[in-house]
Amino acid sequence: MELQDAIQLIQHTYSPGTWADLGCGSGLFTYALANLLPAGSTIYAIDKSPVHLASQPNPAHNRIIPQQLDFMMEDLPAAQLEGILMANSLHYVKNKPALLSRLIRYLSPQGKFIIVEYETDTANAWVPYPIRLAALKRLFAVEGFHEVTLLGERNSVFRAGKMYAVAIGR
């Protein structure tokens, strides 16, 4: 996927402030978010592996802070986040309810989640714990997050089916 594809997939009006991209990989969605956030925002690009961000445009010159940590086990480096982005990372989490309960404490009262996942429930080596959109909505509803906005969909290049992107708020 190219940067413009990622930007289009998560296109939304975002609040300025501090965000975290959990499971950032090479930073494709970190930079997509940076292109959509108002100037002056900060994004923590977090991954379990050493973070090596690919060079991508950041026209608003938002601050991107790479950080190696395991978001499933370790504390995040900031509180009162405007949002948490999880692009193709939630499907690596087996115990999604426990993780969600833990992550909520890092959000500001108006904070939201941006989730990019595959619309499947068939696991494979790259997507060990998939979650369909309907199941994702139920998962977040348990924690009081009922506002789900579909941001975009696209065909998966790795398998039949679609990827979806949603914004989830209280």
Side-chain angles (χ1 to χ4, degrees), residues 1-10 14 17-37 41-107 111-132 135-136 139-140 151-152 154 156-159 161-168:
M1 182 181 300
E2 300 294 323
L3 178 61
Q4 280 308 121
D5 298 322
I7 291 170
Q8 184 177 18
L9 186 62
I10 66 168
Y14 291 98
T18 303
W19 287 70
D21 178 5
L22 305 183
C24 68
S26 66
L28 176 66
F29 280 93
T30 305
Y31 280 98
L33 183 60
N35 275 261
L36 295 167
L37 285 174
S41 296
T42 298
I43 304 169
Y44 285 91
I46 297 170
D47 205 284
K48 187 175 182 178
S49 300
V51 179
H52 301 288
L53 300 176
S55 179
Q56 298 278 3
N58 181 3
H61 303 288
N62 285 313
R63 186 171 176 216
I64 297 173
I65 303 169
Q67 181 120 30
Q68 181 182 0
L69 66 84
D70 183 347
F71 66 82
M72 290 190 271
M73 305 296 288
E74 298 177 70
D75 288 334
L76 298 184
Q80 296 298 303
L81 296 169
E82 281 303 310
I84 294 174
L85 169 65
M86 296 185 75
N88 299 318
S89 58
L90 190 58
H91 60 240
Y92 290 106
V93 178
K94 185 174 184 177
N95 189 345
K96 291 172 181 55
L99 177 69
L100 182 57
S101 291
R102 199 170 72 68
L103 291 178
I104 288 169
R105 71 179 189 200
Y106 293 99
L107 285 179
K112 62 177 60 177
F113 286 88
I114 306 300
I115 307 291
V116 177
E117 276 301 335
Y118 295 96
E119 182 63 22
T120 186
D121 49 18
T122 304
N124 63 46
W126 298 278
V127 184
Y129 308 107
I131 184 164
R132 287 189 176 272
L136 185 81
L139 171 70
F140 277 84
L151 303 178
R154 66 174 278 133
S156 169
V157 296
F158 295 109
R159 56 190 322 199
K162 299 239 183 224
M163 292 177 71
Y164 64 85
V166 292
I168 305 172

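Reckoned from all heavy atoms, side chains included, excluding hydrogens, waters and symmetry mates. Sequence positions, counted from 1, serve as the residue numbers for this chain.
Between I115 and F140 there is a side-chain heavy-atom pair separated by less than 4.5 Å. Looking at L136 and V166, their side chains come closer than 4.5 Å, going by heavy atoms from C-beta outward. Taking 4.5 Å as the limit, every side-chain heavy atom of Q80 sits out of range of all side-chain heavy atoms of T18. By the 4.5 Å heavy-atom criterion applied to side chains, V116 and R154 are not counted as neighbours. L103 places a side-chain heavy atom less than 4.5 Å from the side chain of L76. Using a 4.5 Å heavy-atom cutoff, the side chains of F71 and L99 are in contact.
When all heavy atoms of A32 and L3 are compared, the closest pair comes out as N-CD1, 3.5 Å. The heavy-atom pair separating N62 from S41 by the smallest distance is OD1-N, 2.8 Å. The two atoms that bring S156 and Y118 nearest to each other are OG-CE2, 3.5 Å, heavy atoms only. The minimum heavy-atom distance linking A123 with P128 is given by the pair CB-O, 3.3 Å. Scanning both residues, L53 and C24, for their nearest heavy atoms gives CD2-SG, 4.3 Å. Smallest separation of non-hydrogen atoms from S49 and D47: N-OD1, 3.1 Å.
N35 places a side-chain N or O within 3.5 Å of a backbone atom of P57 that can act as its donor or acceptor partner.
With sequence neighbours excluded, no residue forms a salt bridge (Lys or Arg N to Asp or Glu O under 4.0 Å) with E74. Looking at residues two or more places apart in sequence or on another chain, you find no side chain to side chain donor-acceptor pair (under 3.5 Å) involving S26.
Here side chain to side chain donor-acceptor pair (under 3.5 Å) pairs that include residues 88-97, with residues two or more places apart or in two chains, are H91-E117.
If you take CG on L69 and CD1 on I46, they are separated by 5.0 Å, rounding to the nearest 0.5 Å.
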Test side-chain contact (heavy atoms from CB on, under 4.5 Å) applied to I114 and F29, step by step: CA-CA 11 Å; I114 306 300; F29 280 93; over 6 Å; no

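By the neighbour-count criterion of 12 heavy atoms within 6.0 Å, atom CD of Q56 is densely surrounded, having more than that number from other residues, nucleotides or ligands.
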